[in-house]
Structures are given as structure tokens and as C-alpha cells.
2 protein chains.
Amino acid sequence: MTDPRLADLAARVAGLRLLTELADLIHYGRDWTRRWGPAPLAVALPSTIAEVQATVRWANERGVAIVPSGGRTGLSGGAVAARGELVLSLERMNRVLGFDPTDRLLEVEAGITLQAVHEVARGHGLLYPVDFAARGSCTIGGNVATNAGGIRVVRYGTTREWIAGLTVVAGNGELLELNRGLVKNSSGYDLRQLMVGSEGTLGVVVSAQLELTDPPPPAQTMLLALPHMDALMKVFGLFRAQLRLQAFEFFTDVALRYVLAHGAQRALDADQPFYVVAEYDATEECDQQVALLVFEDGVREGWIADGVIAQSEAQAAALWRLREGLTESLAPRQPYKNDIALRISAMPAFLHEMQALLAHEYPRMEVVWFGHVGDGNLHINVLPPEDMEQAAFLAECERVTRLLADTLRRHGGSISAEHGIGLVKRPYLDSTRSAAEIALMRGVRGVFDPHGILNPGKLFD
Amino acid sequence: MTDPRLADLAARVAGLRLLTELADLIHYGRDWTRRWGPAPLAVALPSTIAEVQATVRWANERGVAIVPSGGRTGLSGGAVAARGELVLSLERMNRVLGFDPTDRLLEVEAGITLQAVHEVARGHGLLYPVDFAARGSCTIGGNVATNAGGIRVVRYGTTREWIAGLTVVAGNGELLELNRGLVKNSSGYDLRQLMVGSEGTLGVVVSAQLELTDPPPPAQTMLLALPHMDALMKVFGLFRAQLRLQAFEFFTDVALRYVLAHGAQRALDADQPFYVVAEYDATEECDQQVALLVFEDGVREGWIADGVIAQSEAQAAALWRLREGLTESLAPRQPYKNDIALRISAMPAFLHEMQALLAHEYPRMEVVWFGHVGDGNLHINVLPPEDMEQAAFLAECERVTRLLADTLRRHGGSISAEHGIGLVKRPYLDSTRSAAEIALMRGVRGVFDPHGILNPGKLFD
């Protein structure tokens with residue numbers, strides 16, 4: 001605590017927990033990306049809104065940059081502190097603040113994990129429907145920051161749709177209570193929605209009012225093997241038309257190989273280039289009959305080569321593991337990741353162009369892709385060859401990402417579907433947002449954070 | 001066209017239709033409020049985006065204020081032009097631009113009416129679910145400007161949730177294509193959501209991509225008569241727990257009197273202080289049995305005094321007319337309107353305070369209220385006594401609205417649920433949004449509209 005700025009912070013905010021040990025700086029200074037060496041000034045662990053507010057005010061006065069920090073499961077470097085910033089971790093602010101059964105609103109502090117929210121909702125007989133593999137570590141504050149999506153978007157939408165209110169300390173130090181849980185509120189700009197997806201550049205989310213909903217009806221889980229890429233969108237169209245989808249996820253044969261090597265269980269003998277995990281309402285026997293008919297239709301059309309329907313919850317979980325274990329199974333290889341989105345209608349043409357582009361530009365790399373067909377969201381993971389230096393690998397991936405970004409632009413897509421821009425995708429933001437939009441965003445940022453202390457360098461300059 | 005600024009506009013924007021006749025100035029210079037004398041400089045009726053953009057640029061250079069204008073069915077004065085503004089009417093830009101069945105996106109110009117959108121959606125076998133009585137006149141652009149709600153919010157949410165993309169000419173003259181129909185897009189601030197509800201102060205919406213959904217399942221419509229105010233929330237709780245509501249609307253006995261006098265048909269003999277029109281899914285016979293049981297539960301509890309279930313579409317329409325004809329039946333009396341929202345859980349306590357307040361403060365006025373229980377939205381209509389001058393009446397209503405706003409603030413409510421702030425509610429904005437929020441909104445407005453040409457004086461200074 002020899003830094004006079006930190007001594008000043010400690011003196012001003014009595015009781016604020018501050019960490020400066022090297023191990024802590026490393027732990028809190030990085031997210032799931034591993035491209036930047038963590039180098040924060042210190043780590044602050046506030047336990048009250050007042051402490052957050054005082055810290056933000058101190059940062060404004062002392063000109064210290066702040067990196068708001070949740071579970072640091074991000075994949076875009078949005079929570080990286082590599083330039084002497086103060087990490088402001090919300091992890092101690094992880095309480096449930098209240099539940100109202102009439103409004104069906106669950107109020108939580110920002111540092112609570114997604115999984116804890118799921119459990120509390122379930123305890124009230126309800127559902128918080130945003131869900132994805134990092135649920136055990138990621139936090140609601142981080143979910144808000146990136147407008148997290150995941151595996152249920154085809155049915156329930158993204159985080160944005162479940163946020164009924166946000167309490168935020170803005171970059172200028174003001175405490176904002178945005179929307180306060182109202183269903184209808186046409187009283188000026190919806191700053192709550194502006195905050196969702198702003199990646200910690202406008203304010204620090206300290207608590208959220210989450211809307212809960214009815215639990216989903218009983219579901220059936222099906223694994224499908226598809227003989228070619230065009231079948232993917234065809235089968236999606238078929239299933240969406242006849243069944244009430246809860247999820248429709250796909251991955252490639254290469255992806256399957258990794259997840260099987262990582263301990264998942266093979267569920268089909270067939271070796272096909274594409275696989276789908278589909279989940280749909282199966283309230284009545286009739287739903288299951290329809291699903292079988294739809295499956296048979298797909299087989300008859302030549303779009304489905306093989307499939308299996310889970311006969312138990314354990315088997316459903318095993319099928320899901322094939323999809324959900326992917327990110328973890330690839331992690332040891334430190335893949336370079338793209339997370340792109342298109343309109344569903346643009347997918348077929350884009351997929352062909354993308355496949356050709358990746359094959360041509362990455363002759364030496366293994367490319368693993370998977371994603372959420374129903375949302376038009378693809379995750380591309382490029383694995384470094386063993387004999388390639390990291391810097392050369394990254395340079396190569398960035399060169400190709402530029403080409404990919406140009407292709408996306410032509411197809412009206414986005415360079416970030418759900419991971420956010422952070423540091424990783426900042427160079428490509430202009431493929432998705434126009435210069436005029438970026439100028440307006442810069443202006444808005446200046447309004448909320450006039451001294452530029454919140455996550456500087458992230459999203460855009 | 002003697003005004004040199006108009007001559008300049010006409011010269012610059014060849015083909016722009018401009019109206020300057022007094023009748024046109026009156027027609028286009030006001031909305032459904034009648035408190036301000038219309039006095040626009042002129043009316044511009046562009047037919048292309050280029051014309052809108054050129055007009056906004058001209059306005060920036062010449063310092064002329066613009067009032068964006070849709071169907072002018074607004075009730076807050078947001079589309080009033082009383083101070084020499086140029087009315088920019090989107091009424092000629094009312095085309096359907098495209099429909100994509102895979103994305104289920106309907107792209108329309110801003111001037112299309114809500115009803116036309118309903119019809120086009122129906123033609124594609126789908127539903128655009130935002131709906132309310134002004135559907136035949138109001139436009140999508142205006143719906144976006146106020147984040148229109150209406151009678152189906154309890155099931156489908158507000159306009160905000162159905163806007164997949166917006167094309168906007170910002171106040172600075174830049175053309176923005178916001179979100180472009182993507183389901184997932186975490187690439188910086190969601191300026192599309194910022195635009196929704198901004199009442200024409202940030203940009204002129206020129207087209208929108210609307211998400212469509214499955215048509216609702218067959219529904220049953222029920223009219224209920226309730227013996228006292230507390231029964232309202234009780235019956236709502238009962239119905240919501242057991243049925244899938246599509247709408248849950250209420251009105252008072254005084255409201256019923258007006259709509260009956262206006263030609264609607266009496267449906268129940270009972271004379272009770274409160275009435276509800278409920279609509280719920282009735283796909284199977286079982287749903288209808290449940291509805292009957294729920295009704296009987298309500299009767300047994302003493303919360304329902306009488307009721308009727310529509311036996312035909314014609315009868316359902318007749319029941320709906322009791323609710324939907326209200327605004328029109330009151331219009332000749334030129335009521336003063338409040339449009340307030342609360343969390344549903346706050347309603348019971350608030351309703352008692354509100355009823356006492358209105359009874360005490362409006363001893364000489366008739367007060368008619370109705371609204372959307374499921375969204376926590378109440379519409380209060382105060383009718384002027386025949387012998388009271390308009391100015392005195394307004395002054396009285398504004399005095400009481402201040403008290404109402406303070407009550408709302410204590411209960412965490414909003415002074416505008418779905419009508420917007422406009423001119424009418426501007427004095428009370430501070431009851432719903434904090435000084436810090438208003439300062440941020442002012443800053444954001446300055447970013448989008450640096451010369452202050454878009455709807456100046458509306459929303460806030």
C-alpha cells in the first residue's frame with residue numbers, strides 16, 4: 001500500500017477491502033482470455049453501494065482507471081486489468097436482496113453467480129431463463145455488461161429482456177436507480193437498456209431486479225447427426241415449424257472429437273460432419289409423436305443421418321454435455337475465438353462463404369465451430385499448431401478475423417453476438433457499427449464517464 | 001412560402017412536399033391533446049430517407065426546430081408544434097419494405113399505421129402483438145417514440161420488445177441503421193433501445209424491423225363485475241395463477257356509464273363499482289373448465305359479484321367495446337389525463353391513497369379511471385365541470401397532479417406508463433427520474449442533437 005493513491009483510497013473509504021499481493025493482482029487482473037499480462041494497481045472488494053460510489057469518486061479525482069469485475073469468465077478481455085487499473089470486484093456483493101411473488105421480481109447484488117440465481121428462482125417455483133455453461137462462475141453484473149445470451153435465447157431472448165431494474169454507480173459517481181422494476185415506464189430515455197451491454201464503460205452495476213417466469217414445460221432432448229452443412233438450416237426450419245423449441249444448438253465433427261477426448265460419452269455410432277442438440281416442449285404424448293414425425297421427415301429428406309432421443313434425465317444431461325463441454329475441452333489449447341451473429345436468413349449463404357474462407361486462410365490450423373442456430377450465433381475456435389509461436393498465431397488470426405469481419409459486414413452480421421467487444425474485438429467494431437454510431441457511442445460514454453475512468457481502452461477508444 | 005428559410009428548404013430538397021395552408025398547419029400542428037394552439041412554420045411530407053436527412057441537415061444549418069410527426073394520436077403533446085417548428089410528417093412514408101419468413105421480420109416505413117401492420121402480419125400467418133384502441137390512426141414511428149404499450153402488455157410486453165432494428169436520421173443528420181434485425185448483437189451500446197421511448201428528441205425514425213410471432217391461441221373473453229377495489233388485485237392474482245392471460249383490463253362504474261352513453265351495449269345487469277375484461281387462452285375444453293372454476297372461486301371469496309363469458313366473436317367484441325370505447329366516449333369532454341404506472345405489488349396500497357387523494361382534491365370534478373391491471377398501469381381522466389373555465393380547470397388538475405406525482409414517487413411509480421412525457425408531463429418528470437438521470441439524459445440528447453433542433457421543449461428543457 002505504498003502507492004499514495006491507494007493510501008488515499010484506504011483513508012477515504014474506511015473498511016474497503018484492498019488487495020495488493022501479486023497472486024491477487026494476477027487472479028483478479030485477467031479473464032478467460034490469456035493474451036494480456038495482468039497488471040492492476042490493486043483490487044478493491046467493496047461490500048456496500050456506498051463503498052462503490054466512494055471508490056468511483058476517488059478514481060475521478062485521482063484519475064485512476066477502474067475495471068469493474070464479476071466472474072471474469074469473459075472471452076473478450078472486457079475485465080482485463082493490464083495497465084495499472086484498480087480492479088473493482090463485486091464478488092463480495094453477492095446477496096439476494098429480495099423477492100416479490102406478485103411482481104415476480106428477484107433483486108440481487110451484482111456479484112451473485114448465475115447459478116445461484118437459478119437456484120433461488122427454482123426455490124420460488126420460478127425460472128430465470130438466461131443460461132450458459134459458465135453459470136457457476138459468471139455473475140449477474142457481468143451478464144448485464146455483455147447482455148449475455150447462451151443456450152435458451154431461441155426461446156427466452158437475451159439478458160436484456162429479463163432486467164426490470166438496475167442500480168448503477170455511473171462513471172461520474174452518481175447513483176442511479178434505473179426503471180425500478182416497472183413493467184411500463186415511458187418517462188424519457190431507457191438508461192437501463194443503455195447500461196445492458198455497455199461492458200462496464202458507463203457505470204458499475206451494483207444490483208439488478210430480475211424478472212422471473214414460469215418454469216419451462218417438460219422437455220425432450222434429441223441429438224441429431226447431419227450429413228452436410230445445408231441440412232443445418234433445413235432441419236432448424238423443420239423443427240421450429242412443428243415444435244416449441246427450448247434450444248437448438250449445433251457443433252461439428254471436429255468439436256465432437258475434442259469433447260469426447262475430454263471425457264464426454266459417445267451417443268451415436270454415426271460419423272457425420274454436423275450435430276445438433278435440440279430441446280423442445282414435450283408436455284403431452286402428442287408432442288413426442290410430433291417430434292418423431294418431424295425426425296422422420298428430416299431423415300426422408302436426407303437432412304438427418306441419425307439421431308437419438310434421451311430416455312431419461314441422465315441421458316439428456318449426457319447429450320447436453322456434448323455441447324456444453326466444448327468450451328472447456330478446447331481451453332487447454334488456448335483457442336482464438338470468434339463469436340459472430342447473423343440474421344438467420346443470412347446464415348446459409350454466409351456459412352458457405354465462411355467455410356471457404358476458413359479453409360483457405362487457415363490451411364495449417366484446426367478450426368472448431370459450434371453455436372446457436374436459432375439465434376444466428378456461431379462460435380469459431382481456431383487452435384494453434386503446436387509448432388507456432390503465440391505472437392505469430394495471433395497475428396494470423398487477426399488477419400483472418402479482418403477478412404471474416406468484412407464478410408460479416410456484407411451479410412449484415414455482427415462481430416460480437418454475446419461475448420462483447422472488450423479488447424479482443426475492438427479492432428473490428430467498425431465492421432458492425434458505422435463511424436456515425438461509434439461517434440455517438442463515444443459521446444454517450446463521455447456523458448456518463450466524463451473523466452474516462454471506467455474501463456478505458458475497452459470497447460473503443 | 002415567403003419565409004426565406006422555407007424557400008431555401010424547397011430549393012435544397014427538390015420534390016419535398018411542403019404545406020403552408022392554415023388548415024394544414026392546424027391539422028398537423030396538434031395531437032389529441034388540445035391545450036396548445038397549433039402554429040407550425042410549415043409541414044414537410046418527405047417520401048424518402050434522403051429527403052428526411054436533407055431536411056434535418058437544413059434544420060441544423062438554419063436553426064429551425066423540427067417536430068417529428070406520426071398519427072398524432074398522442075396524449076402528452078409530444079407531437080404538438082405550437083412555436084413555429086417545421087412539422088416533419090412521416091405519413092407518406094408508410095410502405096411495407098419487406099418480410100422475411102425465416103427471420104419473421106417485417107420491415108416497414110415509420111408512417112404505416114399499427115392496424116396496417118396487424119393486417120400484413122396476419123396475411124403472413126403471424127402476429128404483431130402490440131395493440132391498442134388508436135390502432136387505426138397511430139403509426140409505428142409514434143409507437144416507437146413512446147414505447148407504446150396497450151392491452152396485450154401482460155402477455156407480450158411493450159413495443160420495445162418487438163423492435164429488431166431501426167433506421168433513424170439522428171438529430172445531427174447522420175443516418176443510423178441500428179441493430180439490423182439481429183437477435184444477438186453485443187457490439188457496444190444498444191442505440192436502438194435508446195431510441196425507443198425517446199419521443200422524437202434524438203432522431204427521426206424512418207423505418208423499423210418488427211419481429212412477428214405466432215398468432216395467439218384461441219381465447220375466451222370474460223366480463224367481471226367486482227364489488228370493491230381490493231377485489232381487483234385479488235381477482236388478477238387468481239386469474240394469473242390459473243390461466244394464461246392475454247389481457248386483463250379494468251374500468252370503473254363511472255367509466256361504464258360514459259361508454260354506454262356513447263353507444264356500447266350493457267352486458268351485465270349488476271351495478272358494481274369495478275369491471276374487468278379478461279382474455280385468456282382457451283385452446284381446449286379444459287381451459288374453459290378451469291376458467292369457470294376460477295370464476296366460481298372468485299365469487300365464493302366475495303371478489304366477483306357477477307360475470308359473463310362471451311359465447312361468440314361478436315359478443316367478445318361487444319365486451320371489448322366497453323373497455324376500448326372509453327377514451328373515445330370521454331373525448332368530447334376534453335378530460336385531463338394521467339397515465340401512471342406502478343409495480344403490481346405496489347398497487348393495492350397506492351390505489352387506496354390515490355382514491356382518497358382524488359376524492360379530496362377534486363370535490364367538484366368527475367374522475368374516470370381505468371387501465372391495465374396486469375402491467376400496473378392506470379389511466380385517470382378528470383372531467384371539467386361545465387361551469388369551469390379551461391384555464392382554471394387546468395391549473396387545478398396540475399396542482400393535483402403534483403400531489404399525485406409525489407404519491408407516486410413514494411410508491412416507486414412512474415408519471416408516464418405509455419403516453420410519454422411530451423409537454424403535458426414535463427413538469428412532473430422529476431417525480432420519476434432523479435436529477436442525476438435527467439442530467440444524463442440531457443447530455444445524451446446533446447450528443448444526438450447538438451443544435452437542439454429535434455422536438456425542443458418536449459420531455460425536458
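Letters A, B, ... are given to chains in the order of the sequence lines, protein chains preceding strands, and every chain is numbered from 1. All figures in this text were calculated on a predicted structure; none of them were measured in a lab.
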Heavy atoms only, distances under 4.5 angstrom: which of [options] has the most pairs with chain A? Name it, please.
options: Ser434(B), Gly150(B), Gly237(B); result: Gly150(B)
options: Thr146(B), Leu178(B), Leu429(B), Leu202(B); result: Leu202(B)
options: Met441(B), Arg442(B), Met233(B), Glu174(B); result: Met441(B)
options: Arg445(B), Met347(B), His419(B); result: Arg445(B)

Between chain B and each of [options], count heavy-atom pairs under 4.5 Å; write down the option with the most.
options: Thr158(A), Ile438(A), Val153(A), Ile344(A); answer: Ile344(A)
options: Glu161(A), Arg433(A), Glu418(A); answer: Arg433(A)
options: Ile340(A), Asn179(A), Asn377(A), Leu342(A); answer: Asn377(A)
options: Asp214(A), Asp339(A), Leu176(A); answer: Leu176(A)
options: Asp103(A), Thr102(A), Val154(A); answer: Asp103(A)
options: Ala164(A), Ala170(A), Ala341(A), Ser345(A); answer: Ser345(A)

Handout entry: Gln209(A), part contacting chain B, at a heavy-atom distance under 4.5 Å
Key = side chain
Handout entry: Residue Ile421(A) versus chain B: region with a heavy atom under 4.5 Å
Key = both
Exercise for the section: Can you measure from CZ (Arg343(B)) to CG (Leu105(A)) and round to the nearest 0.5 angstrom? Expected result: 5.0 Å
Practice task
Select all residues of residues 184-200 of chain B having any heavy atom within less than 4.5 Å of some heavy atom of chain A, and report them by number, or 'none'.
Solution key: Lys184(B), Asn185(B), Ser186(B), Ser187(B), Gly188(B), Tyr189(B), Asp190(B), Leu191(B), Arg192(B), Gln193(B), Leu194(B), Gly197(B), Ser198(B), Glu199(B)
Practice task
Compare every heavy atom of Arg104(B) with every heavy atom of Arg240(A), then report the nearest pair and how far apart it is.
Solution key: NH1-CD, 4.3 Å
Fill in the blank from the handout: Okay, Tyr428(B) and chain A: the region with an atom under 4.5 Å from a heavy atom over there is neither
Exercise for the section: Below 4.5 Å from any heavy atom of chain A, which atoms of Leu440(B) appear? Answer side chain, backbone, both or neither. Expected result: both
Practice task
For His451(B), enumerate each residue passing the ring-ring contact (aromatic ring centres under 6.0 Å, His included) test, keeping only those at least two apart in sequence or located in another chain.
Solution key: none
Problem - Donor-acceptor pair, side chain of Arg180(B) and main chain of Ser414(A), under 3.5 angstrom - result: no
